[in-house]
Amino acid sequence: MIERFLTQTHFSSEEDFKKNLHFKVPENFNFAYDVMDEWAKEQPDKLALLWTSERGEEIRFTFKDLKEQTDQVASYYQSLGIGHGDMVMLILKRHYQWWLSMLALCKLGAVAIPATHMLTSHDIVYRNQEASVKAIICVNDDYVTTQIRAALPESKSVKILIAVNSMAQIDNPVPEGFHDWNKEWKQAPRFQRPNHVNTNEDTMLMYFTSGTSGEPKMVAHDFLYALGHLTTGVYWHNLNEKSIHLTVADTGWGKAVWGKLYGQWFAGAVVFVYDHEKFTAEKIMRQIEKYHITSFCAPPTIYRFMIQEDFSKYDLSSLKYCTTAGEALEPAVYEKFLELTGIRLMEGFGQTETTMTLGTFSWMTPKPGSMGKPNPQYDIHLLKGDHTECEDGEKGELCVRVGDRKPIGLFKSYYRAEEKTRDVWHDGYYHTGDMAWRDEDGYYWFVGRIDDVIKSSGYRIGPFEVESALMTHPAVVECAITGVPDEVRGMVVKATIVLAKDWKDKAGDALIKELQNHVKHETAPYKYPRIIEFVDELPKTISGKIRRVEIREKDSKK
């Protein structure tokens with residue numbers, strides 16, 4: 001499959017990859033037709049999607065099944081009035097209908113807007129108004145449907161509501177005003193592919209950013225975004241047709257299409273899904289054992305929980321390759337996981353606005369805590385404040401040079417927000433807003449968001465550097481580093497810490513001193529937190545990212 005889209009498909013080294021990664025870009029590329037339906041022709045009986053649930057349910061989809069069922073779902077949506085360019089919000093948790101719907105909307109040229117089931121009515125109104133959402137396809141869940149109905153009076157663009165029941169509740173009545181997906185989709189007429197589906201420049205997908213520092217922005221991706229994830233699945237996840245891959249991610253966030261859709265099916269791998277409500281390491285590890293998962297990807301938080309398990313209780317011998325992204329990986333987590341499994345965690349980095357821009361690929365030796373090296377489909381630069389290039393060891397902003405042609409995988413724009421787009425995309429560069437430095441071997445190391453970097457007594461201190469040091473202490477479960485104004489030093493470092501259960505009764509001056517000395521030992525002494533606050537939980541976005549801005553705002557009011 002991938003030979004249709006690359007001039008060279010096998011790479012033996014970083015130099016080979018950098019020199020010879022070249023895409024063959026089809027005219028009017030459509031992932032559903034040009035990849036999924038082609039697999040259905042070539043290997044109709046090959047397993048493509050293995051969906052399971054915590055209720056013990058299991059459904060196996062071959063490529064032929066996906067071809068036939070996505071045609072049927074596309075016809076169903078078409079019969080309700082959904083077509084080219086229509087904005088469709090998907091709130092489907094990990095129900096298998098998410099995969100059918102994503103591919104069906106792609107076949108229609110409609111715009112998919114995945115969203116989390118944790119949205120409030122306020123969040124839904126904001127998204128409906130900003131994107132002019134026409135249809136909402138959601139789980140038939142009391143909370144979700146109640147929030148949607150509450151949002152309708154202020155959501156004039158919404159014309160179509162569709163509710164999906166889980167297998168366990170397939171006969172549940174849907175609320176008034178909602179179409180019943182389970183009863184209606186198979187009744188649609190035979191699918192007729194539209195005469196015009198899309199161009200490469202049309203919008204295929206939109207994600208709202210996590211909103212760590214304000215209202216979420218709408219990130220618009222064209223149809224080539226899917227092609228940009230070929231490198232994610234084939235060369236970062238290291239997948240092939242024999243792989244069974246599990247990425248832990250909610251379908252409402254961008255990590256789902258990184259790890260549960262596009263790149264994996266370019267490789268012809270089996271996408272494994274575990275439909276569950278609440279994460280526990282034990283549940284995930286039992287799935288890996290039961291279904292012989294070969295490839296696994298999760299954010300560092302998941303690995304932090306996993307390494308606290310007794311690995312002797314699980315047979316994880318099928319697991320051959322593991323990757324991580326979504327937040328920076330602490331070296332201590334890397335080392336412990338390697339000790340327990342013999343598997344090296346391969347880190348990757350990207351944003352909602354991009355596919356993977358930096359990664360540790362299979363031919364590379366990982367450096368614990370490093371994001372890896374540039375994915376050659378992006379021209380990566382580290383820029384100082386005056387727009388000059390950083391030398392090795394200097395901290396700067398990660399930027400993507402954009403020439404005459406936008407890199408495959410880079411977003412089109414922030415939808416209906418030209419000024420916000422210009423703020424990050426100017427002077428020939430896309431500015432990520434992330435700070436990093438590069439070592440003498442060409443590996444990149446995350447420092448933090450530009451807004452989060454602390455300037456103290458002339459030093460620039462990245463939150464991640466201090467957080468990594470604190471996380472190696474057994475008392476610390478989670479932490480956030482922020483700056484607090486100081487008359488003498490300009491800013492001083494503050495640590496807001498969630499303690500492990502066994503340490504909570506030790507919170508006090510003695511533990512504060514112990515943690516400060518621990519940081520001085522683990523990293524440069526000037527980085528230690530002069531202020532430490534213990535809390536029960538950290539403020540986070542609905543996607544789980546820490547809102548340091550909220551901590552700073554709270555401190556400024558004291």
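As the structure is a computational prediction, the values presented were derived from the model and not from experiment.
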Can [X] and [Y] be counted as an ion pair, charged N to O under 4.0 angstrom?
X	Y	answer
Lys93	Asp275	no
Glu418	Arg422	yes
Asp37	Lys41	no
Lys46	Glu241	no
Lys406	Asp222	yes

Aromatic ring pairing Tyr96/Phe61, orientation class (parallel under 30°, perpendicular over 60°, tilted between):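 Rings of Tyr96 and Phe61: tilted, as their planes differ by 30° to 60°.
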Main-chain N/O of Val133 paired with Ser157 side-chain donor or acceptor, under 3.5 Å: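 Here the side-chain-to-backbone pair exists.
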Side-chain (Thr324) to main-chain (Ala298) donor-acceptor, under 3.5 angstrom: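 Yes: the side chain of Thr324 pairs with the backbone of Ala298.
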Supply the atom-to-atom distance [X] [atom1] to [Y] [atom2], rounded to the nearest 0.5 angstrom.
X	Y	atom1	atom2	result
Trp253	Thr352	CH2	OG1	8.5 Å
Asp65	Thr70	CG	OG1	10.0 Å
His196	His84	NE2	NE2	4.0 Å
His381	Leu398	NE2	CG	11.5 Å
Asp202	Lys412	CG	NZ	6.5 Å
Leu152	Ile136	CG	CD1	6.5 Å

Least distance between heavy atoms, [X] atom then [Y] atom:
X	Y	result
Asn140	Asn165	ND2-OD1, 2.8 Å
Met435	Arg449	CG-C, 4.5 Å
Pro463	Arg548	CB-NE, 3.9 Å
Ala163	Phe178	CB-CD2, 3.9 Å
Pro114	Met206	CD-O, 3.5 Å
Met356	Leu358	CG-O, 3.2 Å

Would you say [X] and [Y] make side-chain contact, with heavy atoms under 4.5 Å?
X	Y	answer
Leu538	Thr496	yes
Gln287	Ile293	no
Arg127	Pro216	yes
Tyr429	Glu397	no
His179	Ile160	yes
Arg4	Pro26	no
His237	Thr247	yes
Lys540	Glu478	yes

State, without any angle test, whether [X] and [Y] hold a side-chain donor-acceptor pair at a distance under 3.5 Å.
X	Y	answer
Tyr76	Glu184	yes
Thr146	Arg149	no
Glu353	Tyr414	yes
Ser166	Arg55	no
Tyr291	Glu58	yes

Option from Phe272, Tyr274, Tyr303 for which ring-ring contact (aromatic ring centres under 6.0 Å, His included) with Phe296 holds: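 So, applying the ring-ring contact (aromatic ring centres under 6.0 Å, His included) to Phe296 and each of Phe272, Tyr274, Tyr303, only Tyr303 qualifies.
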Tyr444/Phe349 under ring-ring contact (aromatic ring centres under 6.0 Å, His included): CA gap, chis, key distance, verdict: CA-CA 10 Å; Tyr444 285 70; Phe349 171 83; 9.5 Å; no
Trp99 and Trp265: CA distance, side-chain angles, deciding distance, side-chain contact (heavy atoms from CB on, under 4.5 Å) verdict: CA-CA 12 Å; Trp99 283 263; Trp265 279 332; 3.6 Å; yes
side-chain contact (heavy atoms from CB on, under 4.5 Å) between Asp250 and His117, intermediate numbers included: CA-CA 9 Å; Asp250 183 280; His117 60 280; 3.5 Å; yes
Intermediate values then yes/no, side-chain contact (heavy atoms from CB on, under 4.5 Å), Phe31 and Leu103: CA-CA 8 Å; Phe31 179 81; Leu103 294 173; 3.9 Å; yes
Trp425 ring center near Phe411 ring center (under 6.0 Å):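 Ring-ring flag for Trp425/Phe411: true, centres closer than 6.0 Å.
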Ring centre gap for His229 and Tyr225 strictly below 6.0 Å: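 Ring centroids of His229 and Tyr225 are less than 6.0 Å from each other.
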With a 6.0 Å cut-off (strictly less than), is the heavy-atom count around [atom1] of [X], excluding the residue itself, greater than 12?
X	atom1	result
Glu42	CD	yes
Asp142	CG	no
Lys283	NZ	yes

Stepwise side-chain contact (heavy atoms from CB on, under 4.5 Å) check, Trp258 with Cys297: CA-CA 10 Å; Trp258 275 54; Cys297 185; over 6 Å; no
